[in-house]
Number of protein chains: 2
Amino acid sequence: MPLPTTALPPTLEWRDDALHLLDQTLLPNEIVVERQHDAQQVWHAIHQLKVRGAPAIGVAGAYGLCVAMQPHRALPAAAFRDKLGEQAAYLDSSRPTAVNLHWALQRMQASLGGRDDAGGEALYQALVDEAQAIHAEDVALCEGIGRHGLPLIRPGCGVLTHCNAGALATTGIGTATAPMYLAQRAGIPLRVYADETRPLLQGARLTSFELQRSGIDVTLITDNMAAATMQRGLVDLVIVGTDRVAANGDVANKIGTLGVAILARHFGIPFYVACPSSTLDLATPDGQRIVIEERGAEEVTSFGLRRTAPEGMQVRNPAFDVTPHALVSGFITERGLIEPPFDRQFAALFS
Amino acid sequence: MPLPTTALPPTLEWRDDALHLLDQTLLPNEIVVERQHDAQQVWHAIHQLKVRGAPAIGVAGAYGLCVAMQPHRALPAAAFRDKLGEQAAYLDSSRPTAVNLHWALQRMQASLGGRDDAGGEALYQALVDEAQAIHAEDVALCEGIGRHGLPLIRPGCGVLTHCNAGALATTGIGTATAPMYLAQRAGIPLRVYADETRPLLQGARLTSFELQRSGIDVTLITDNMAAATMQRGLVDLVIVGTDRVAANGDVANKIGTLGVAILARHFGIPFYVACPSSTLDLATPDGQRIVIEERGAEEVTSFGLRRTAPEGMQVRNPAFDVTPHALVSGFITERGLIEPPFDRQFAALFS
């Protein structure tokens, strides 16, 4: 069924016993949904960031394992299990730092525990069932985040977001975007400002794309326009996603988040972080312990294939920054809205 | 004389009775110095931003008028003057909003007042003398700014700047960059962080280029990395330029300056604005009265010829923002360092 030109294609789908992935590397210029034929193709899709965003990678890995095991349905149980371990290890190597990928692949394998009587076909069906359960849970998680964040969206308000913690990073309505999508469903008017998010422009390429397609009033700005946009009174609320939250509430997220948080504080604008509660990492006491990935200089010194800075230019390119908990108004999770003091609230949540 | 590959070519030069302009639209990838043959070529060079920055445009206009009058040296005085008015009006139309261009062309014409006895050749020589005087004054202005800003540069300190208020925007050592160049001359070690300055990347293309060529330790960052760079304690001082300062000290400058000022305040980092005292506009009471130019969406939605945001994307693209005077630590001018309260200090300066 061809999509109407204005609809947002799903990040991924299990359809006709196959995984279909939206190729996000081609957005916003081309919309290509790619059927995944084998494990190699899934490996490359994850490796090349055709699918990205921790939750989406987890679900893609789960379905990817189904794709990988499809040719082995006729095997007896023991051989099927051997193959399963091998394929899971292979897929896991596509993005070694993606915690959700590892988690999903482990869960898929564990789901077959205690089914020693079944043959390959039944085990394969059990894998598909488990992948669909993981998928359904991700969708529900996003909805839960949206439900708890929805009261923050006042009719007519302006919301600023950074990077893409959107539907395209999950298999549901996103994390930071979840309250926005639910507001739209509820007919609550809102305006969204999307930071373009240099150097990789996830805001321009992905957030703008998905919100525009969904019919939400979205305006793209360069990162350095956030201050002037707030100064003009256009922003009532900031919602961003996060990659990891320390036990004290310090937030690691895409580079630039710290700046947005400081600006929001300066202008008295609430700054919220949306995430599944699994992102709260109580084993990490504070943000100083979070190691920040430093990426290659060419992301900063060139654009596409065009060099925009002198040759041999010295560059910093940290992929993330850490926003101290004192700048965070609250966390929007599927378990509820968490307000300060975060250390005590987090501990209560998990006790 | 070919330049050593590491030297910074001058923004412009009067050499062999001709104007030579560095084509800044080709930086940092190509270094092309273009001899200006006629008025049309100068008009296009200014119009296409081959030369940019208020002071540099003024000097280019003055020399441009000499180039334009060269073919008319044989004319008698009256006819020479008629031609002069015509050519000045023509050059003035190349960038209608450039106040310095208009000012320089007016001054060039006024310089011939009271020389009714002279012929075309003598008047032409007088024009060249006046253009060289304007040029020398710009060079001296930059040196003066540098001298008054130099004490702010402590050995080993980190200085962050935004956009290009550098040598390439003037015919001397720049405004915001002047204290940095003088520090280097004095052997004072310093590190500079250059914001790339989206959407037009003047920081990546120009500031990085000129500081690197000059052998100053410069690191290029995306605009949204300024906060994390400050958080890491790498920035001791911010110096930016300005397009216009209101009577109360509010500062209009390239989009993103406001954000940098707020971040500097948050981290307790001094925030200075470097400018010739002619930039202080006492006729404008405060920054709210400064009209901000809104530029085309394509600067934000594409890069070179490559589209980076969805088609039909809604965009804001203000070219400037206004930093309230309360966030400004001081102004570095050729007349001295001006500290708060700015309204009283400005009034004293001009009384």
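Below, chains carry the letters A, B, ... as their sequence lines are ordered, and counting in each starts from 1.
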- A:F267 versus chain B, heavy atoms under 4.5 Å apart: side chain, backbone, both or neither? side chain

- Distance from B:I221 atom CD1 to A:R198 atom CZ, nearest 0.5 Å? 12.0 Å

- What part of B:L234 gets closer than 4.5 Å to chain A, counting heavy atoms only: side chain, backbone, both or neither? side chain

- Item | Side-chain touch B:Q231/A:P324, heavy atoms, less than 4.5 angstrom | yes

- Item | Atom pair OH/CZ of B:Y193 and A:R316 - distance to nearest 0.5 Å | 6.5 Å

- Note on the structure: Closest heavy-atom pair, A:S208 versus B:P310, reported as atoms and distance to 0.1 Å, is CB-CD, 3.8 Å

- Write down the atom of A:V218, the atom of B:Q314, and the distance for their closest heavy-atom approach. O-NE2, 3.0 Å

- Query: Distance from A:E311 atom CD to B:Q212 atom CD, nearest 0.5 Å?
  - Reply: 9.0 Å

- Find the one option among A:T301, A:T219, A:L258 whose heavy-atom pairs under 4.5 Å with chain B are most numerous. A:T219

- Message: As an exercise: rank B:L201, B:V315, B:T257, B:I262 by heavy-atom pairs under 4.5 Å with chain A and give me the winner.
- Response: B:I262

- Query: What option among B:T222, B:D223, B:I255 has the most heavy-atom pairs under 4.5 Å with chain A?
  - Reply: B:I255

- Message: Less than 4.5 Å to any heavy atom of chain B: does that hold for the side chain of A:T229, its backbone, both, or neither?
- Response: both

- Do the side chains of B:D321 and A:M225 get nearer than 4.5 Å, heavy atoms only? no

- Which bit of A:D195 comes within less than 4.5 Å of chain B, counting heavy atoms only: side chain, backbone, both or neither? neither

- Message: At a 4.5 Å cut-off on heavy atoms, which part of A:N224 comes close to chain B: side chain, backbone, both, or neither?
- Response: both

- Message: If I compare all heavy atoms of A:R307 with all of B:N29, which pair ends up nearest, and what's the gap?
- Response: O-ND2, 3.1 Å

- Measure A:R265 against the heavy atoms of chain B and call it side chain, backbone, both or neither at under 4.5 Å. neither

- Message: Looking at every heavy atom in both B:L263 and A:G259, which two are closest together, and how far apart are they?
- Response: CD2-CA, 3.9 Å

- Name the option with the most non-hydrogen atom pairs under 4.5 Å to chain A; the candidates are B:E196, B:R205, B:H162, B:K254. B:E196

- Distance in Å, B:L220 CG paired with A:T308 OG1, rounded so as to fall on 0.5 Å steps: 7.5 Å

- Message: side chain to side chain contact (heavy atoms under 4.5 Å, CB included) for B:L211 and A:M313? Distances and angles first, verdict last.
- Response: CA-CA 10 Å; B:L211 294 177; A:M313 191 62 210; over 6 Å; no

- Task: Return yes when atom CD of A:Q288 has more than 12 non-hydrogen atoms of other residues, nucleotides or ligands closer than 6.0 Å, and no otherwise.
- Result: no

